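Here is the structure we will look at.
These numbers come from a predicted model, not from an experiment.
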Amino acid sequence: MRPRSEAGADEAACPPPYDAVILAGGRAERLGGADKPGALVGGLPLVERVAAAVGDARAVVVVGPPRDMPGVLFAREDPPGGGPVPALRAGLAEVTSPLVVLLAADLPFVVAGHVRALLAAVPEHGAGAVLVDDGGREQWLTGAWRTAALKDALGTYEGRSLRGLLGPLGPVPVRPPVAPGETPPWFDCDTVDDLRAARERAGGRG
């Protein structure tokens, strides 16, 4: 299946009703165990930048330690820090909309247009849509899904791999266009160098 390269940041101005789950409970081992979701990029914590991209969601669920984010629901995976599959399971327990957007908390350059493009790409009779990078690799922590499909898959899944859970659902790949000099939405902050680069790309501010 070819990526939907035509899905740009200005598509789907009026998205369908959806909830969002943001995974923010990882151990951040490559950042020395620091509070990665709380790290500042462009003057805002990473998790708040990601939450801004889903500002029109019916509900935003952050899976991780509670923070001062008015209007956001918080959930914790069992055990805390247990990985993305338990975190997704905890977040989905709070979801009531038929569609859900799944995002990592360390994606400072994901914006509302990318979210809307993903939602618009979810097929009527399919499970979801997932962002792919310029190398064609699926970004499993940047996608839009039918809530029922995720809950059904989780009900029988005993593994720990998010790819192992989501890959068999056959999501539509979405490759957003990236203009020259633009930071792609799949840029994540796994390391100190990544965080430094994100701050430089956001205008040099922490």
Side-chain angles (χ1 to χ4, degrees), residues 7 9 12 15 18-28 30-31 34-77 81 83-85 87-88 90-92 94-95 97 99-121 128-133 138-145 147 150 162 166 174 176 178 182-192 194-203 205-206:
Y18 74 99
D19 291 347
V21 172
I22 301 172
L23 303 191
R27 300 180 186 275
R30 283 184 282 180
L31 280 175
D35 176 21
K36 180 166 66 169
L40 297 181
V41 172
L44 285 174
L46 280 170
V47 67
E48 291 188 22
R49 290 178 68 98
V50 175
V54 289
D56 52 6
R58 285 181 170 180
V60 177
V61 183
V62 172
V63 184
R67 301 173 185 273
D68 184 14
M69 296 176 64
V72 171
L73 300 173
F74 285 89
R76 288 310 308 265
E77 68 273 35
V85 173
L88 175 57
L92 275 181
E94 306 296 332
V95 169
S97 293
L99 292 171
V100 59
V101 169
L102 174 63
L103 298 172
D106 64 349
L107 298 167
F109 303 105
V110 166
V111 298
H114 301 127
V115 171
R116 292 169 185 162
L118 285 165
L119 287 164
V130 67
L131 184 143
V132 297
D133 64 18
E138 295 92 347
Q139 303 299 300
W140 298 112
L141 283 170
T142 316
W145 302 88
T147 303
L150 287 191
L162 201 61
L166 301 177
V174 176
V178 178
E182 180 184 5
T183 305
W186 54 81
F187 182 99
D188 58 4
C189 295
D190 279 338
T191 67
V192 172
D194 292 338
L195 188 58
R196 184 181 301 114
R199 288 168 172 166
E200 291 175 355
R201 297 180 187 207
R205 292 190 298 150

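Shortest non-hydrogen contact noted between Leu23 and Ala87 is CD2-CB, 3.8 Å. For the residue pair Arg199 and Ala39, the shortest heavy atom distance occurs at NH2-CB, 4.3 Å. Between Pro184 and Phe109, the closest heavy-atom pair is O-CB, 4.0 Å. Of all non-hydrogen atoms in Tyr18 and Val54, the two that sit nearest each other are OH-CA, 3.4 Å. When all heavy atoms of Cys189 and Asp194 are compared, the pair lying nearest together is CA-CB, 3.6 Å. For the residue pair Ala202 and Val41, the shortest heavy atom distance occurs at CB-CG1, 3.8 Å.
Residues passing the side-chain hydrogen bond (donor to acceptor under 3.5 Å, both in side chains) test with Arg58: none are found, sequence neighbours excluded. For Phe74, there are no ring pair (Phe, Tyr, Trp, His ring centres under 6.0 Å) partners at least two apart in sequence or on another chain. Qualifying side chain to side chain contact (heavy atoms under 4.5 Å, CB included) partners for Val47, counting only residues two or more places apart in sequence or in other chains: Ile22, Ala24, Pro37, Pro45, Val62, Arg67, Met69, Ala105. Evaluation of the side-chain hydrogen bond (donor to acceptor under 3.5 Å, both in side chains) rule for Gln139 yields Asp133 as partners, not counting sequence neighbours. For Ala144, the side chain to side chain contact (heavy atoms under 4.5 Å, CB included) partners at least two apart in sequence or on another chain are Val101, Leu118, Leu119, Val122. A search for side chain to side chain contact (heavy atoms under 4.5 Å, CB included) contacts involving Pro185 returns Val110, His114, Leu131, Pro176, Val178, not counting sequence neighbours. Evaluation of the side-chain hydrogen bond (donor to acceptor under 3.5 Å, both in side chains) rule for Thr183 yields no partner, not counting sequence neighbours.
Taken from CG in Asp106 to CG in Asp188, the straight-line distance is 5.0 Å, to the nearest 0.5 Å. Interatomic distance, CG of Leu107 versus CZ of Phe187, reported as 10.0 Å (0.5 Å rounding). Rounded to the nearest 0.5 angstrom, Leu166 CG and Leu88 CG are separated by 7.0 Å.
Listed for the Asp19 side chain is no donor-acceptor partner under 3.5 Å among the backbone atoms of Val95. For Glu77 (side chain) and Gly81 (main-chain N/O), a donor-acceptor pair under 3.5 Å exists by modelled atom type.
For the pair Leu150 and Thr147, the minimum side-chain heavy-atom distance is 4.5 Å or more. Asp56 has its side chain within reach of Arg116: a pair of non-hydrogen atoms, C-beta onward, lies under 4.5 Å apart. Under the 4.5 Å side-chain criterion, counting only non-hydrogen atoms from C-beta, Glu94 is not in contact with Val21.
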May I have the step-by-step check of side chain to side chain contact (heavy atoms under 4.5 Å, CB included) for Lys36 and Asp190, ending in yes or no?
CA-CA 8 Å; Lys36 180 166 66 169; Asp190 279 338; 3.4 Å; yes
